[in-house]
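Presented below is the structure to which this report refers.
Hydrogens, waters and symmetry mates are skipped; everything else that's a heavy atom, side chains included, is used.
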Amino acid sequence: MQNLTNKPIGKADGLNDKQKSLSKNMLMSVILTSSNFIFPLVTYSYVARILGPEGTGKVAFVNSILQYFSYIAVLGIPTYGLRECSKLKDDREAFSHLVQELLLLALIATMFSYIGLGCAVIFSSKLEEYKLLFAVMSIQIILNAIGVEWVYQACEEYTYITTRSLIFKIISVVLTFLLIRNRNSVLAYGFVTIFSTSSNYICNFLNIGKLVNFKKKGNYQLKHHMKPILILFSASIVITIYANFDISMLGIIGTESEVGMYHTALKIKNVLLALSTAVTSVLIPRISFYIKNKQFSEVNKMIFNSVRVSFVLSIPVSVYVFVFASDVITFLCGIQYLPAVSTLRVLIVCIIPLILTNLFGCQLLIPLGKEKRYTQSVFIGMWINLILNFLLIPSYGAFGAAMGTLITEVWNVFWMSNGVKSYRNIILEEINYWNYIIPIVIAGIAAIVVYSFVKNMYLMIRLGITSVIFFGCFYFIQLASAEPIVSRVIVKLKKVLVCIVCR
(Lines give C-alpha, C1' and ligand atoms only; values in the text may rest on other atoms or scores of the structure.)
Protein backbone atom coordinates (compact mmCIF):
# COMPACT_ATOMS: atom_id res chain seq x y z
CA MET A 1 0.00 0.00 0.00
CA GLN A 2 1.12 3.53 -0.71
CA ASN A 3 2.40 5.44 2.32
CA LEU A 4 0.08 8.37 2.91
CA THR A 5 1.55 11.71 3.91
CA ASN A 6 1.20 13.03 7.46
CA LYS A 7 1.36 16.62 6.26
CA PRO A 8 -1.58 18.93 5.61
CA ILE A 9 -2.61 18.76 1.99
CA GLY A 10 -2.38 22.00 0.06
CA LYS A 11 -2.29 25.64 1.12
CA ALA A 12 -4.94 28.30 1.20
CA ASP A 13 -3.45 30.06 -1.81
CA GLY A 14 -4.47 27.32 -4.21
CA LEU A 15 -2.71 24.98 -6.58
CA ASN A 16 0.87 24.73 -5.38
CA ASP A 17 3.36 21.89 -5.49
CA LYS A 18 1.75 20.17 -2.51
CA GLN A 19 -1.64 19.88 -4.16
CA LYS A 20 -2.25 16.69 -6.06
CA SER A 21 -1.78 16.81 -9.82
CA LEU A 22 -5.15 16.75 -11.55
CA SER A 23 -3.60 14.94 -14.52
CA LYS A 24 -2.19 12.29 -12.21
CA ASN A 25 -5.53 11.95 -10.45
CA MET A 26 -7.26 11.44 -13.80
CA LEU A 27 -4.65 8.88 -14.86
CA MET A 28 -5.22 6.95 -11.63
CA SER A 29 -8.97 7.20 -12.18
CA VAL A 30 -8.60 5.92 -15.75
CA ILE A 31 -6.65 2.92 -14.42
CA LEU A 32 -9.28 2.36 -11.74
CA THR A 33 -12.06 2.74 -14.30
CA SER A 34 -10.38 0.24 -16.60
CA SER A 35 -10.19 -2.24 -13.73
CA ASN A 36 -13.87 -1.60 -12.99
CA PHE A 37 -14.54 -2.49 -16.61
CA ILE A 38 -12.21 -5.48 -17.06
CA PHE A 39 -12.66 -7.35 -13.77
CA PRO A 40 -16.49 -7.45 -13.89
CA LEU A 41 -16.25 -8.72 -17.48
CA VAL A 42 -14.04 -11.58 -16.33
CA THR A 43 -15.91 -12.52 -13.17
CA TYR A 44 -19.55 -11.87 -14.05
CA SER A 45 -19.24 -13.66 -17.37
CA TYR A 46 -18.09 -16.74 -15.43
CA VAL A 47 -20.56 -16.38 -12.56
CA ALA A 48 -23.56 -15.82 -14.84
CA ARG A 49 -22.88 -19.09 -16.62
CA ILE A 50 -22.30 -21.08 -13.40
CA LEU A 51 -25.21 -19.76 -11.30
CA GLY A 52 -27.64 -18.86 -14.08
CA PRO A 53 -30.23 -16.06 -13.88
CA GLU A 54 -31.81 -17.54 -10.74
CA GLY A 55 -28.59 -17.63 -8.71
CA THR A 56 -27.41 -14.17 -9.71
CA GLY A 57 -30.95 -12.90 -9.12
CA LYS A 58 -30.90 -14.03 -5.47
CA VAL A 59 -27.71 -12.12 -4.70
CA ALA A 60 -28.90 -9.07 -6.65
CA PHE A 61 -32.17 -9.04 -4.68
CA VAL A 62 -30.44 -9.25 -1.28
CA ASN A 63 -27.92 -6.61 -2.28
CA SER A 64 -30.72 -4.27 -3.38
CA ILE A 65 -32.31 -4.54 0.08
CA LEU A 66 -28.98 -4.01 1.85
CA GLN A 67 -28.38 -0.81 -0.11
CA TYR A 68 -31.22 0.86 1.79
CA PHE A 69 -29.69 0.03 5.16
CA SER A 70 -26.19 0.94 4.01
CA TYR A 71 -27.38 4.44 3.18
CA ILE A 72 -29.11 4.73 6.55
CA ALA A 73 -25.77 3.82 8.16
CA VAL A 74 -23.84 6.62 6.46
CA LEU A 75 -26.67 9.18 6.24
CA GLY A 76 -25.56 11.87 3.76
CA ILE A 77 -22.04 11.89 5.17
CA PRO A 78 -20.06 10.74 2.09
CA THR A 79 -21.28 13.64 -0.07
CA TYR A 80 -21.22 16.21 2.74
CA GLY A 81 -17.87 14.98 4.03
CA LEU A 82 -16.28 15.14 0.58
CA ARG A 83 -17.44 18.71 0.10
CA GLU A 84 -16.51 20.02 3.56
CA CYS A 85 -13.21 18.15 3.87
CA SER A 86 -12.15 19.50 0.47
CA LYS A 87 -12.43 22.99 1.93
CA LEU A 88 -10.30 22.19 5.00
CA LYS A 89 -7.37 20.40 3.38
CA ASP A 90 -4.97 23.19 4.46
CA ASP A 91 -5.97 22.96 8.14
CA ARG A 92 -5.12 19.54 9.58
CA GLU A 93 -6.57 20.24 13.02
CA ALA A 94 -9.96 21.43 11.72
CA PHE A 95 -9.92 18.66 9.12
CA SER A 96 -9.32 16.00 11.79
CA HIS A 97 -12.00 17.38 14.10
CA LEU A 98 -14.54 17.35 11.26
CA VAL A 99 -13.72 13.73 10.36
CA GLN A 100 -14.08 12.68 14.01
CA GLU A 101 -17.52 14.27 14.23
CA LEU A 102 -18.74 12.72 10.99
CA LEU A 103 -17.38 9.28 11.87
CA LEU A 104 -19.18 9.42 15.24
CA LEU A 105 -22.44 10.29 13.50
CA ALA A 106 -21.94 7.39 11.07
CA LEU A 107 -21.40 4.90 13.91
CA ILE A 108 -24.59 6.03 15.67
CA ALA A 109 -26.57 5.72 12.44
CA THR A 110 -25.04 2.27 11.77
CA MET A 111 -26.41 0.95 15.06
CA PHE A 112 -29.96 1.98 14.08
CA SER A 113 -29.42 0.55 10.60
CA TYR A 114 -28.62 -2.93 11.93
CA ILE A 115 -31.61 -2.82 14.26
CA GLY A 116 -33.85 -1.99 11.29
CA LEU A 117 -32.32 -4.73 9.13
CA GLY A 118 -32.75 -7.33 11.87
CA CYS A 119 -36.43 -6.44 12.27
CA ALA A 120 -37.01 -6.53 8.51
CA VAL A 121 -35.51 -10.02 8.13
CA ILE A 122 -37.28 -11.41 11.21
CA PHE A 123 -40.77 -10.10 10.37
CA SER A 124 -40.73 -10.56 6.57
CA SER A 125 -41.22 -14.12 5.38
CA LYS A 126 -39.85 -13.16 1.95
CA LEU A 127 -36.62 -11.74 3.36
CA GLU A 128 -36.29 -14.54 5.92
CA GLU A 129 -35.75 -16.97 3.02
CA TYR A 130 -32.42 -15.24 2.37
CA LYS A 131 -31.24 -14.90 6.00
CA LEU A 132 -27.87 -16.58 5.36
CA LEU A 133 -27.13 -14.24 2.47
CA PHE A 134 -28.13 -11.27 4.62
CA ALA A 135 -25.84 -12.50 7.42
CA VAL A 136 -22.85 -12.74 5.07
CA MET A 137 -23.41 -9.63 2.98
CA SER A 138 -24.56 -7.25 5.73
CA ILE A 139 -20.96 -6.86 6.96
CA GLN A 140 -20.65 -4.22 4.24
CA ILE A 141 -22.93 -1.90 6.26
CA ILE A 142 -20.52 -1.34 9.16
CA LEU A 143 -17.47 -1.36 6.90
CA ASN A 144 -19.04 1.23 4.60
CA ALA A 145 -19.61 3.47 7.63
CA ILE A 146 -16.05 3.26 8.99
CA GLY A 147 -14.36 3.05 5.58
CA VAL A 148 -14.42 6.87 5.14
CA GLU A 149 -13.69 6.72 1.40
CA TRP A 150 -14.75 10.37 1.22
CA VAL A 151 -11.73 11.39 3.33
CA TYR A 152 -9.31 9.91 0.78
CA GLN A 153 -11.24 11.46 -2.10
CA ALA A 154 -11.21 14.88 -0.42
CA CYS A 155 -7.44 14.57 0.05
CA GLU A 156 -7.18 13.47 -3.60
CA GLU A 157 -5.34 10.27 -2.64
CA TYR A 158 -6.24 8.63 -5.93
CA THR A 159 -2.95 6.75 -6.27
CA TYR A 160 -3.65 5.04 -2.95
CA ILE A 161 -7.30 4.42 -3.88
CA THR A 162 -6.33 2.89 -7.22
CA THR A 163 -3.49 0.71 -5.88
CA ARG A 164 -5.61 -0.60 -3.03
CA SER A 165 -8.60 -1.29 -5.27
CA LEU A 166 -6.55 -3.17 -7.87
CA ILE A 167 -5.04 -5.47 -5.25
CA PHE A 168 -8.41 -6.50 -3.84
CA LYS A 169 -10.00 -6.80 -7.28
CA ILE A 170 -7.31 -9.30 -8.26
CA ILE A 171 -7.89 -11.26 -5.05
CA SER A 172 -11.64 -11.13 -5.71
CA VAL A 173 -11.16 -12.62 -9.18
CA VAL A 174 -9.11 -15.48 -7.73
CA LEU A 175 -11.76 -16.13 -5.06
CA THR A 176 -14.48 -16.14 -7.71
CA PHE A 177 -12.89 -19.05 -9.59
CA LEU A 178 -11.96 -20.90 -6.39
CA LEU A 179 -15.27 -20.62 -4.53
CA ILE A 180 -17.97 -20.50 -7.21
CA ARG A 181 -18.01 -23.95 -8.78
CA ASN A 182 -21.69 -24.91 -9.25
CA ARG A 183 -25.27 -23.63 -8.90
CA ASN A 184 -25.13 -24.17 -5.13
CA SER A 185 -22.41 -21.53 -4.73
CA VAL A 186 -24.85 -18.66 -4.19
CA LEU A 187 -23.60 -17.94 -0.66
CA ALA A 188 -20.01 -17.88 -1.91
CA TYR A 189 -21.03 -15.43 -4.63
CA GLY A 190 -22.62 -13.21 -2.00
CA PHE A 191 -19.32 -13.17 -0.12
CA VAL A 192 -17.24 -12.46 -3.22
CA THR A 193 -19.65 -9.67 -4.22
CA ILE A 194 -18.82 -7.66 -1.11
CA PHE A 195 -15.20 -8.79 -0.65
CA SER A 196 -13.44 -6.16 -2.75
CA THR A 197 -15.26 -3.06 -1.46
CA SER A 198 -15.31 -4.36 2.13
CA SER A 199 -11.55 -4.99 2.04
CA ASN A 200 -11.03 -1.49 0.67
CA TYR A 201 -12.91 -0.05 3.64
CA ILE A 202 -10.87 -2.10 6.12
CA CYS A 203 -7.66 -0.74 4.58
CA ASN A 204 -9.04 2.80 4.72
CA PHE A 205 -9.84 2.45 8.40
CA LEU A 206 -6.39 1.04 9.21
CA ASN A 207 -4.65 3.85 7.28
CA ILE A 208 -6.83 6.76 8.36
CA GLY A 209 -4.42 7.74 11.16
CA LYS A 210 -1.96 8.92 8.51
CA LEU A 211 -4.39 11.58 7.38
CA VAL A 212 -6.38 12.34 10.53
CA ASN A 213 -5.36 13.05 14.12
CA PHE A 214 -7.72 11.24 16.47
CA LYS A 215 -6.72 13.17 19.58
CA LYS A 216 -9.87 14.96 20.69
CA LYS A 217 -9.65 18.76 20.79
CA GLY A 218 -12.75 20.62 21.88
CA ASN A 219 -16.36 19.50 22.06
CA TYR A 220 -18.08 17.74 19.21
CA GLN A 221 -20.70 19.90 17.49
CA LEU A 222 -22.79 17.16 15.92
CA LYS A 223 -25.92 19.32 15.58
CA HIS A 224 -24.02 21.73 13.35
CA HIS A 225 -23.77 19.07 10.65
CA MET A 226 -27.21 17.53 10.96
CA LYS A 227 -29.23 19.84 8.68
CA PRO A 228 -27.04 19.57 5.53
CA ILE A 229 -26.35 15.88 6.23
CA LEU A 230 -30.07 15.08 6.51
CA ILE A 231 -30.81 17.03 3.34
CA LEU A 232 -28.17 15.03 1.47
CA PHE A 233 -29.29 11.84 3.25
CA SER A 234 -32.81 12.45 1.98
CA ALA A 235 -31.40 12.64 -1.53
CA SER A 236 -29.24 9.55 -1.01
CA ILE A 237 -32.03 7.39 0.38
CA VAL A 238 -34.42 8.57 -2.32
CA ILE A 239 -31.87 7.70 -5.02
CA THR A 240 -31.34 4.33 -3.36
CA ILE A 241 -35.06 3.67 -3.32
CA TYR A 242 -35.58 4.26 -7.01
CA ALA A 243 -32.21 2.78 -7.98
CA ASN A 244 -32.99 -0.48 -6.20
CA PHE A 245 -36.78 -0.54 -6.05
CA ASP A 246 -37.03 -2.01 -9.55
CA ILE A 247 -34.92 -5.02 -8.52
CA SER A 248 -36.70 -5.29 -5.17
CA MET A 249 -40.13 -5.18 -6.82
CA LEU A 250 -39.10 -7.66 -9.51
CA GLY A 251 -37.88 -9.97 -6.75
CA ILE A 252 -41.13 -9.68 -4.81
CA ILE A 253 -43.73 -9.94 -7.59
CA GLY A 254 -41.61 -11.50 -10.33
CA THR A 255 -39.19 -14.41 -10.49
CA GLU A 256 -35.54 -14.75 -9.47
CA SER A 257 -34.75 -15.49 -13.10
CA GLU A 258 -36.26 -12.18 -14.21
CA VAL A 259 -34.27 -10.36 -11.53
CA GLY A 260 -31.15 -12.04 -12.89
CA MET A 261 -31.95 -10.86 -16.43
CA TYR A 262 -32.54 -7.29 -15.30
CA HIS A 263 -29.48 -7.28 -13.05
CA THR A 264 -27.32 -8.42 -15.96
CA ALA A 265 -28.45 -5.51 -18.12
CA LEU A 266 -28.08 -3.13 -15.17
CA LYS A 267 -24.56 -4.35 -14.43
CA ILE A 268 -23.42 -3.76 -18.01
CA LYS A 269 -24.97 -0.28 -17.95
CA ASN A 270 -23.25 0.58 -14.66
CA VAL A 271 -19.86 -0.51 -15.99
CA LEU A 272 -20.29 1.75 -19.02
CA LEU A 273 -21.45 4.67 -16.89
CA ALA A 274 -18.36 4.23 -14.71
CA LEU A 275 -16.20 5.12 -17.72
CA SER A 276 -17.45 8.68 -17.35
CA THR A 277 -18.27 9.13 -13.68
CA ALA A 278 -15.12 7.50 -12.30
CA VAL A 279 -12.96 9.92 -14.27
CA THR A 280 -15.03 13.04 -13.67
CA SER A 281 -15.47 12.29 -9.95
CA VAL A 282 -11.88 13.43 -9.35
CA LEU A 283 -13.02 16.93 -10.35
CA ILE A 284 -15.48 17.30 -7.45
CA PRO A 285 -12.93 18.12 -4.68
CA ARG A 286 -11.17 20.55 -7.03
CA ILE A 287 -14.46 22.24 -8.03
CA SER A 288 -15.36 22.67 -4.34
CA PHE A 289 -11.94 24.24 -3.74
CA TYR A 290 -12.32 26.65 -6.68
CA ILE A 291 -15.84 27.66 -5.65
CA LYS A 292 -14.68 28.39 -2.10
CA ASN A 293 -11.93 30.62 -3.50
CA LYS A 294 -14.25 32.21 -6.11
CA GLN A 295 -12.14 30.99 -9.03
CA PHE A 296 -15.13 30.54 -11.33
CA SER A 297 -13.15 30.56 -14.57
CA GLU A 298 -11.39 27.43 -13.30
CA VAL A 299 -14.76 25.89 -12.46
CA ASN A 300 -15.81 26.42 -16.09
CA LYS A 301 -12.68 24.64 -17.31
CA MET A 302 -13.40 21.68 -15.04
CA ILE A 303 -16.97 21.43 -16.34
CA PHE A 304 -15.87 21.60 -19.99
CA ASN A 305 -13.38 18.80 -19.33
CA SER A 306 -16.09 16.73 -17.64
CA VAL A 307 -18.39 16.99 -20.68
CA ARG A 308 -15.58 16.21 -23.13
CA VAL A 309 -14.45 13.16 -21.15
CA SER A 310 -17.98 11.75 -21.35
CA PHE A 311 -18.13 12.26 -25.11
CA VAL A 312 -14.71 10.72 -25.62
CA LEU A 313 -15.06 7.73 -23.31
CA SER A 314 -18.49 6.72 -22.10
CA ILE A 315 -20.86 7.66 -24.92
CA PRO A 316 -18.96 5.94 -27.80
CA VAL A 317 -18.74 2.68 -25.83
CA SER A 318 -22.43 2.97 -24.94
CA VAL A 319 -23.40 3.43 -28.60
CA TYR A 320 -21.35 0.38 -29.58
CA VAL A 321 -23.01 -1.78 -26.91
CA PHE A 322 -26.47 -0.50 -27.91
CA VAL A 323 -25.92 -1.44 -31.57
CA PHE A 324 -24.37 -4.84 -30.87
CA ALA A 325 -26.30 -5.66 -27.67
CA SER A 326 -27.07 -9.27 -28.63
CA ASP A 327 -23.44 -10.15 -29.26
CA VAL A 328 -22.27 -8.33 -26.12
CA ILE A 329 -24.73 -10.16 -23.84
CA THR A 330 -23.99 -13.52 -25.46
CA PHE A 331 -20.26 -12.95 -25.01
CA LEU A 332 -20.53 -11.80 -21.39
CA CYS A 333 -23.22 -14.08 -20.00
CA GLY A 334 -24.30 -16.68 -22.57
CA ILE A 335 -27.33 -17.16 -24.79
CA GLN A 336 -29.61 -17.82 -21.79
CA TYR A 337 -29.50 -14.06 -21.09
CA LEU A 338 -30.60 -12.95 -24.58
CA PRO A 339 -34.10 -11.99 -23.34
CA ALA A 340 -32.37 -9.08 -21.57
CA VAL A 341 -31.33 -7.41 -24.87
CA SER A 342 -34.26 -4.98 -25.08
CA THR A 343 -33.86 -4.09 -21.39
CA LEU A 344 -30.15 -3.46 -21.90
CA ARG A 345 -30.80 -1.10 -24.80
CA VAL A 346 -33.21 1.02 -22.74
CA LEU A 347 -30.72 1.18 -19.87
CA ILE A 348 -27.94 2.15 -22.29
CA VAL A 349 -30.04 5.14 -23.37
CA CYS A 350 -30.24 6.06 -19.66
CA ILE A 351 -26.49 6.68 -19.63
CA ILE A 352 -26.81 10.08 -21.34
CA PRO A 353 -29.21 11.60 -18.75
CA LEU A 354 -27.23 9.92 -15.95
CA ILE A 355 -24.04 11.62 -17.13
CA LEU A 356 -25.87 14.95 -17.14
CA THR A 357 -27.36 14.45 -13.67
CA ASN A 358 -23.88 13.64 -12.39
CA LEU A 359 -22.65 16.87 -13.99
CA PHE A 360 -25.44 19.19 -12.87
CA GLY A 361 -26.05 17.49 -9.52
CA CYS A 362 -22.83 16.09 -8.04
CA GLN A 363 -20.37 18.39 -9.80
CA LEU A 364 -22.31 21.67 -9.59
CA LEU A 365 -25.38 21.80 -7.32
CA ILE A 366 -23.71 20.16 -4.31
CA PRO A 367 -20.35 22.04 -4.47
CA LEU A 368 -22.35 25.27 -4.91
CA GLY A 369 -24.30 24.50 -1.73
CA LYS A 370 -27.59 23.97 -3.59
CA GLU A 371 -28.24 20.52 -2.14
CA LYS A 372 -31.92 21.42 -1.60
CA ARG A 373 -32.45 21.66 -5.36
CA TYR A 374 -30.69 18.33 -5.78
CA THR A 375 -32.85 16.72 -3.10
CA GLN A 376 -36.05 18.15 -4.61
CA SER A 377 -35.19 16.62 -7.95
CA VAL A 378 -34.48 13.12 -6.69
CA PHE A 379 -37.47 13.19 -4.30
CA ILE A 380 -39.91 13.96 -7.11
CA GLY A 381 -38.00 11.52 -9.31
CA MET A 382 -38.48 8.79 -6.72
CA TRP A 383 -42.27 9.14 -6.90
CA ILE A 384 -42.19 9.19 -10.69
CA ASN A 385 -40.12 6.02 -10.64
CA LEU A 386 -42.25 4.23 -8.04
CA ILE A 387 -45.50 5.00 -9.89
CA LEU A 388 -44.03 3.89 -13.21
CA ASN A 389 -42.70 0.68 -11.65
CA PHE A 390 -46.11 -0.19 -10.22
CA LEU A 391 -47.71 0.49 -13.61
CA LEU A 392 -45.14 -1.11 -15.90
CA ILE A 393 -43.46 -4.02 -14.06
CA PRO A 394 -46.59 -6.22 -13.71
CA SER A 395 -47.13 -6.12 -17.50
CA TYR A 396 -43.65 -5.61 -18.94
CA GLY A 397 -41.32 -6.96 -16.25
CA ALA A 398 -37.66 -5.94 -16.56
CA PHE A 399 -38.30 -3.87 -19.70
CA GLY A 400 -40.95 -1.85 -17.82
CA ALA A 401 -38.52 -1.25 -14.94
CA ALA A 402 -35.93 0.05 -17.42
CA MET A 403 -38.43 2.41 -19.04
CA GLY A 404 -39.36 3.78 -15.61
CA THR A 405 -35.68 4.48 -14.91
CA LEU A 406 -35.22 6.27 -18.25
CA ILE A 407 -38.20 8.61 -17.74
CA THR A 408 -37.08 9.38 -14.19
CA GLU A 409 -33.54 10.31 -15.25
CA VAL A 410 -34.84 12.61 -17.99
CA TRP A 411 -36.85 14.44 -15.30
CA ASN A 412 -33.72 14.79 -13.12
CA VAL A 413 -31.77 16.39 -15.98
CA PHE A 414 -34.53 18.94 -16.50
CA TRP A 415 -34.88 19.93 -12.84
CA MET A 416 -31.20 19.89 -11.85
CA SER A 417 -30.05 21.84 -14.91
CA ASN A 418 -32.63 24.54 -14.16
CA GLY A 419 -30.88 25.04 -10.82
CA VAL A 420 -27.59 25.96 -12.54
CA LYS A 421 -28.86 27.73 -15.66
CA SER A 422 -25.77 29.88 -16.11
CA TYR A 423 -23.47 26.84 -16.27
CA ARG A 424 -25.95 24.94 -18.44
CA ASN A 425 -26.04 27.80 -20.94
CA ILE A 426 -22.24 28.02 -21.03
CA ILE A 427 -21.98 24.28 -21.67
CA LEU A 428 -24.58 24.45 -24.46
CA GLU A 429 -22.93 27.44 -26.11
CA GLU A 430 -19.21 26.71 -25.75
CA ILE A 431 -18.97 23.04 -26.77
CA ASN A 432 -19.53 21.97 -30.38
CA TYR A 433 -21.38 18.69 -29.92
CA TRP A 434 -21.40 17.92 -33.63
CA ASN A 435 -17.65 17.32 -33.33
CA TYR A 436 -18.57 14.22 -31.32
CA ILE A 437 -21.94 13.20 -32.78
CA ILE A 438 -20.82 13.07 -36.42
CA PRO A 439 -17.80 10.79 -35.72
CA ILE A 440 -20.02 8.47 -33.65
CA VAL A 441 -22.56 8.24 -36.49
CA ILE A 442 -19.83 7.58 -39.07
CA ALA A 443 -18.20 4.95 -36.85
CA GLY A 444 -21.58 3.29 -36.20
CA ILE A 445 -22.48 3.10 -39.91
CA ALA A 446 -19.04 1.70 -40.76
CA ALA A 447 -19.32 -0.98 -38.05
CA ILE A 448 -22.85 -1.99 -39.13
CA VAL A 449 -21.76 -2.30 -42.77
CA VAL A 450 -18.78 -4.46 -41.79
CA TYR A 451 -21.01 -6.55 -39.51
CA SER A 452 -23.18 -7.52 -42.48
CA PHE A 453 -20.12 -9.26 -43.96
CA VAL A 454 -18.92 -10.98 -40.78
CA LYS A 455 -22.23 -11.85 -39.05
CA ASN A 456 -21.80 -15.57 -39.74
CA MET A 457 -18.31 -15.72 -38.22
CA TYR A 458 -17.52 -16.77 -34.65
CA LEU A 459 -18.76 -14.42 -31.92
CA MET A 460 -15.27 -13.38 -30.77
CA ILE A 461 -14.23 -12.57 -34.33
CA ARG A 462 -17.40 -10.52 -34.93
CA LEU A 463 -16.91 -8.48 -31.78
CA GLY A 464 -13.23 -8.02 -32.47
CA ILE A 465 -13.70 -6.78 -36.03
CA THR A 466 -16.68 -4.50 -35.32
CA SER A 467 -15.04 -2.95 -32.25
CA VAL A 468 -11.82 -2.23 -34.15
CA ILE A 469 -13.78 -0.60 -36.98
CA PHE A 470 -16.06 1.41 -34.69
CA PHE A 471 -13.50 2.73 -32.23
CA GLY A 472 -10.79 3.03 -34.86
CA CYS A 473 -13.00 5.30 -36.99
CA PHE A 474 -14.19 7.35 -34.02
CA TYR A 475 -10.80 8.05 -32.45
CA PHE A 476 -9.08 8.59 -35.81
CA ILE A 477 -11.58 11.36 -36.60
CA GLN A 478 -11.14 12.83 -33.10
CA LEU A 479 -7.37 12.83 -33.47
CA ALA A 480 -7.55 14.37 -36.96
CA SER A 481 -9.81 17.15 -35.67
CA ALA A 482 -7.53 17.82 -32.67
CA GLU A 483 -10.17 17.10 -30.02
CA PRO A 484 -8.75 18.59 -26.74
CA ILE A 485 -8.97 15.51 -24.49
CA VAL A 486 -7.70 13.07 -27.13
CA SER A 487 -4.90 15.45 -28.15
CA ARG A 488 -3.83 15.88 -24.53
CA VAL A 489 -3.71 12.12 -23.99
CA ILE A 490 -1.62 11.64 -27.16
CA VAL A 491 0.85 14.35 -26.07
CA LYS A 492 1.28 12.70 -22.67
CA LEU A 493 1.72 9.26 -24.26
CA LYS A 494 4.42 10.67 -26.55
CA LYS A 495 6.24 12.10 -23.53
CA VAL A 496 6.09 8.73 -21.79
CA LEU A 497 7.40 6.94 -24.90
CA VAL A 498 10.23 9.48 -25.27
CA CYS A 499 11.22 8.92 -21.63
CA ILE A 500 11.20 5.14 -22.14
CA VAL A 501 13.29 5.37 -25.34
CA CYS A 502 15.77 7.79 -23.76
CA ARG A 503 16.36 5.41 -20.91
Looking at Phe69 versus Tyr114, is the centre-to-centre ring distance below 6.0 Å?
no

Might you point out which heavy atoms bring Ser377 and Met416 nearest each other, and give the distance in Å?
OG-CG, 3.6 Å

Hey, what's the ring geometry for [X] with [Y], parallel, tilted or perpendicular (30° and 60° as the breaks)?
| X | Y | result |
| --- | --- | --- |
| Phe195 | Phe168 | perpendicular |
| Trp415 | Trp411 | parallel |
| Tyr152 | Tyr160 | parallel |
| Phe470 | Phe474 | parallel |

Any chance CZ of Phe205 has more than 12 other-residue heavy atoms, nucleotides or ligands included, within less than 6.0 Å?
no

Counting only heavy atoms not in Tyr433, do more than 12 fall under 6.0 Å of its OH?
yes

Applying side-chain contact (heavy atoms from CB on, under 4.5 Å), run through Ile77 and His225 and close with a yes or a no.
CA-CA 9 Å; Ile77 291 172; His225 305 295; over 6 Å; no

Between Phe324 and Tyr320, is a ring pair (Phe, Tyr, Trp, His ring centres under 6.0 Å) present by the stated rule, with each step listed?
CA-CA 6 Å; Phe324 301 104; Tyr320 177 84; 5.0 Å; yes

Where do Leu66 and Ser138 land on the side-chain contact (heavy atoms from CB on, under 4.5 Å) test, with the steps shown first?
CA-CA 7 Å; Leu66 287 175; Ser138 64; 4.0 Å; yes

Glu149/Arg164 salt bridge by N-O under 4.0 Å criterion
yes

Does a side chain donor of either His97 or Glu101 reach within less than 3.5 Å of an acceptor in the other side chain?
yes

Hey, are Tyr436 and Glu483 close enough side-chain-wise for a donor-acceptor pair under 3.5 Å?
yes

Check each of Thr343, Val341, Val321 against Ile329 using the side-chain contact (heavy atoms from CB on, under 4.5 Å) test, and report the only one that passes.
Val341

Mind running side-chain contact (heavy atoms from CB on, under 4.5 Å) on Leu354 and Lys269 for me, showing each step along the way?
CA-CA 11 Å; Leu354 281 166; Lys269 183 268 289 185; 3.7 Å; yes

